[in-house]
Protein chains: 2
Amino acid sequence: METGRTLMDVVKERCEHCSGRSLSICNAIDDEDLPALVAESSRISVPSGRSFIEEGAPAHDFYVLTSGRAKLFNLMPDGRRQIVGFAELGDFLGLAASETYAFTAEALGDATLCRFPHSSIDRLIERFPRLRCRLQEEASSELVSLQARLMLLGRKTAKERLASFLVEQARPCCRVGGEAGAERPLTLSLPMSRTDIADYLGLTIETVSRTFGHFKKEGLITVKGASSVTLLSFKELSNIANGVR
Amino acid sequence: METGRTLMDVVKERCEHCSGRSLSICNAIDDEDLPALVAESSRISVPSGRSFIEEGAPAHDFYVLTSGRAKLFNLMPDGRRQIVGFAELGDFLGLAASETYAFTAEALGDATLCRFPHSSIDRLIERFPRLRCRLQEEASSELVSLQARLMLLGRKTAKERLASFLVEQARPCCRVGGEAGAERPLTLSLPMSRTDIADYLGLTIETVSRTFGHFKKEGLITVKGASSVTLLSFKELSNIANGVR
DNA sequence: CGACAGATTGACTTGATTCAAAAAGTGTGG
DNA sequence: CCACACTTTTTGAATCAAGTCAATCTGTCG
């Protein structure tokens with residue numbers, strides 16, 4: 001259902017429904033200039049579970065996610081994994097200033113991307129000066145959200161972590177039904193496995209599963225088949241997430 | 001000893017000895033233009049322990065640290081604290097795109113800063129276009145280092161965390177004696193308390209203290225009066241930091 | 001020197017992990 | 001549509017790394 005969109009479509013759509021937590025090119029490019037941008041890129045399909053960016057590999061290209069989702073992670077030599085983030089529609093990946101990619105990116109379900117050679121970004125920026133401001137804003141907001149994750153990983157309990165995760169996933173773009181803030185139920189469809197959630201929150205799958213169990217027992221959520229979660233009290237979850245007792 | 005330097009001095013020095021982990025204005029401004037930059041700023045002295053940026057306060061100004069150091073942190077309602085980073089000579093603070101500061105910044109020992117009104121940054125960027133590239137590069141490298149800290153907080157053991165911290169503190173700018181990489185001893189002077197280290201690493205002071213103890217017993221470090229630490233085997237500490245068994 | 005904050009050490013507790021097993025999903029082919 | 005095989009998730013019991021509480025110890029500084 002979400003396949004076949006071009007970069008152009010995504011750029012246009014994105015402005016409307018997502019206030020962008022990651023690097024977007026939206027708003028930086030005038031409509032009549034879009035074709036030039038699209039000409040620089042090539043489209044790529046990535047099947048579920050396949051990685052398209054490898055940590056440490058030479059960073060030749062950057063990508064815009066045009067459908068599906070992806071997980072971004074780092075590995076330790078013994079296999080311990082930390083997911084640094086999930087990318088979604090319109091997110092920019094692989095923009096690191098360094099010579100090599102800083103993380104591995106793997107499709108969560110089938111995904112499509114637009115790929116640009118790194119060399120063309122300077123040309124693009126020269127042509128669309130607002131692009132640079134835009135990138136900077138987005139990098140800045142990414143910094144803020146990473147800082148929030150430091151608090152999560154460094155100081156929060158398992159319950160607080162999972163509550164934070166659920167609240168975060170309740171952003172408009174991920175919702176299936178309901179509205180945030182309201183006390184009425186809000187249903188999320190989580191494309192990632194329990195293992196992914198655990199590696200995102202710095203926990204084990206067992207703890208994630210047990211914590212889902214606690215929330216169920218306390219009447220805060222209902223779960224249908226592991227990937228569909230309904231938040232029954234967004235407010236209360238949000239309080240837990242922020243350590244409000 | 002480190003007092004009384006102007007922004008100009010710092011900008012000049014910085015290029016030489018530090019490959020910059022945070023936002024620097026160095027390299028972006030020609031020498032003859034420096035006075036104009038300096039004219040926009042005002043100098044501030046902050047006594048030890050005083051904060052000069054408050055999380056959540058309206059972000060009117062940004063700062064360049066011109067002497068001393070600072071800790072940047074977030075708090076939870078019940079007082080749990082996560083230090084998101086330490087700032088040092090030449091670091092740029094308070095550049096967040098948002099309307100409010102994302103963290104509290106507090107001087108570690110006496111510090112001096114140059115303050116710029118936020119309104120002047122656009123003017124500066126217009127005048128010194130390379131400044132924007134520079135800021136972007138620095139933001140990007142900050143992103144990479146924050147990602148490394150996610151792995152540290154989410155997946156590393158206490159020993160690995162402290163080893164990572166010591167290796168990180170062994171950057172040129174913090175060294176008192178010795179060279180990194182070599183097997184010869186390398187002495188660090190740590191301006192932060194055990195509590196600060198604990199809040200940086202997501203541990204308690206007791207665990208930090210005990211872990212220092214382990215490293216002493218294993219002959220990896222010697223400690224003199226809590227703030228002076230000598231790394232006896234940088235390589236081995238680096239292996240521990242990266243989980244190499 | 002005395003006093004106080006900060007750091008260390010020890011004994012005990014605990015939240016989360018580990019190991020193990022059962023249960024619930026998911027997909028495939030007949 | 002169901003039966004089978006496989007994977008993922010959940011649940012249970014035991015363990016452990018790090019936290020908590022409490023008592024020294026150490027360094028610093030007036």
Side-chain angles (χ1 to χ4, degrees), chain A residues 47-49 71 76 78-82 108-110 152-165 189-218 221-229 240 243 245, chain B residues 47-49 71 76 78-83 106 108-110 152-165 189-218 221-229 240 243 245:
Chain A
S48 185
K71 56 187 174 194
M76 288 181 67
D78 61 1
R80 275 176 286 175
R81 193 174 70 146
Q82 178 64 49
L108 265 177
D110 297 338
L152 181 145
L153 293 172
R155 290 300 181 209
K156 290 189 180 178
T157 64
K159 281 188 182 185
E160 290 165 350
R161 292 182 200 204
L162 189 63
S164 301
F165 171 76
S189 141
L190 303 177
M192 64 292 281
S193 68
R194 292 286 183 271
T195 303
D196 289 337
I197 296 174
D199 285 342
Y200 183 65
L201 299 179
L203 301 168
T204 59
I205 35 173
E206 293 94 332
T207 301
V208 169
S209 184
R210 274 186 257 271
T211 308
F212 269 117
H214 292 147
F215 287 165
K216 266 192 282 190
K217 202 172 303 174
E218 291 163 22
I221 63 170
T222 57
V223 177
K224 214 173 179 129
S227 81
S228 171
V229 178
I240 294 174
R245 283 293 74 200
Chain B
S48 185
K71 56 187 174 195
M76 288 180 67
D78 61 2
R80 275 176 285 176
R81 193 174 68 146
Q82 178 64 49
I83 293 187
E106 188 180 305
L108 266 177
D110 297 338
L152 181 145
L153 293 172
R155 289 302 182 207
K156 290 189 180 178
T157 64
K159 280 188 182 185
E160 290 164 351
R161 292 182 200 205
L162 189 63
S164 301
F165 171 75
S189 140
L190 304 177
M192 64 292 281
S193 68
R194 291 288 183 270
T195 303
D196 289 337
I197 296 174
D199 285 343
Y200 183 64
L201 299 179
L203 301 169
T204 58
I205 35 173
E206 292 94 333
T207 300
V208 169
S209 185
R210 275 186 256 270
T211 308
F212 268 118
H214 291 148
F215 287 166
K216 267 192 280 190
K217 203 172 300 172
E218 291 164 22
I221 62 170
T222 57
V223 178
K224 216 177 178 124
S227 81
S228 171
V229 178
I240 294 173
R245 281 294 74 200

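Chain naming here is simple, since letters A, B, ... match the order of the sequence lines and numbering starts at 1 in each. The figures that follow rest on heavy atoms only: side chains count, while hydrogens, waters and symmetry mates do not.
Residues passing the side chain to side chain contact (heavy atoms under 4.5 Å, CB included) test with Thr222(B), sequence neighbours excluded: Thr230(B), Leu232(B). Under the side chain to side chain donor-acceptor pair (under 3.5 Å) criterion, Ser164(A) pairs with Lys156(A), not counting sequence neighbours. Not counting sequence neighbours, Glu206(A) has no partner by the salt bridge (charged side-chain N to carboxylate O under 4.0 Å, His left out) test. In this structure, Arg210(A) has no salt bridge (charged side-chain N to carboxylate O under 4.0 Å, His left out) partners at least two apart in sequence or on a different chain. By the side chain to side chain donor-acceptor pair (under 3.5 Å) test, Thr207(B) pairs with Thr204(B), sequence neighbours left out. With sequence neighbours excluded, the residues that form a side chain to side chain contact (heavy atoms under 4.5 Å, CB included) with Thr157(B) are Arg80(A), Lys159(B), Glu160(B). Take Ser209(B) and apply the side chain to side chain donor-acceptor pair (under 3.5 Å) test, not counting sequence neighbours, and it matches no residue. Legend: residues meeting side chain to side chain donor-acceptor pair (under 3.5 Å) with Arg194(A), ordered by chain and number and at least two apart, are absent. Applying the side chain to side chain contact (heavy atoms under 4.5 Å, CB included) test to Leu190(A) and every residue at least two apart in sequence or in another chain returns Phe165(A), Gln169(A), Leu188(A), Met192(A), Ile197(A), Phe212(A), Val229(A).
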Provide a list of protein-nucleic acid N or O atom pairs under 3.5 angstrom, restricted to nucleotides 2-4 of chain C.
none

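Between Asp199(B) atom CG and dA18(D) atom P there is a gap of 17 Å when expressed in whole angstrom units. To the nearest angstrom, P of dG6(C) lies 16 Å from CG of Leu190(B). The CD atom of Glu160(B) sits 14 Å away from the C1' atom of dA18(D) (whole-angstrom rounding). A straight line from NZ of Lys224(A) to P of dT10(D) spans 15 Å, rounded to a whole angstrom.
Comparing the axis of the opening five pairs of the helix from dC1(C)-dG30(D) to dG30(C)-dC1(D) with that of the closing five pairs yields an angle of 40°, rounded to 10°.
Salt bridge annotation for Arg155(B)-Asp199(A): present, with a cationic side-chain nitrogen under 4.0 angstrom from a carboxylate oxygen.
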Going 5' to 3' through nucleotides 8-27 of chain C and flagging B where a protein heavy-atom sits under 4.0 Å of the base, S where only the sugar-phosphate is that close, and - otherwise, we get BBBB----SBBB------S-
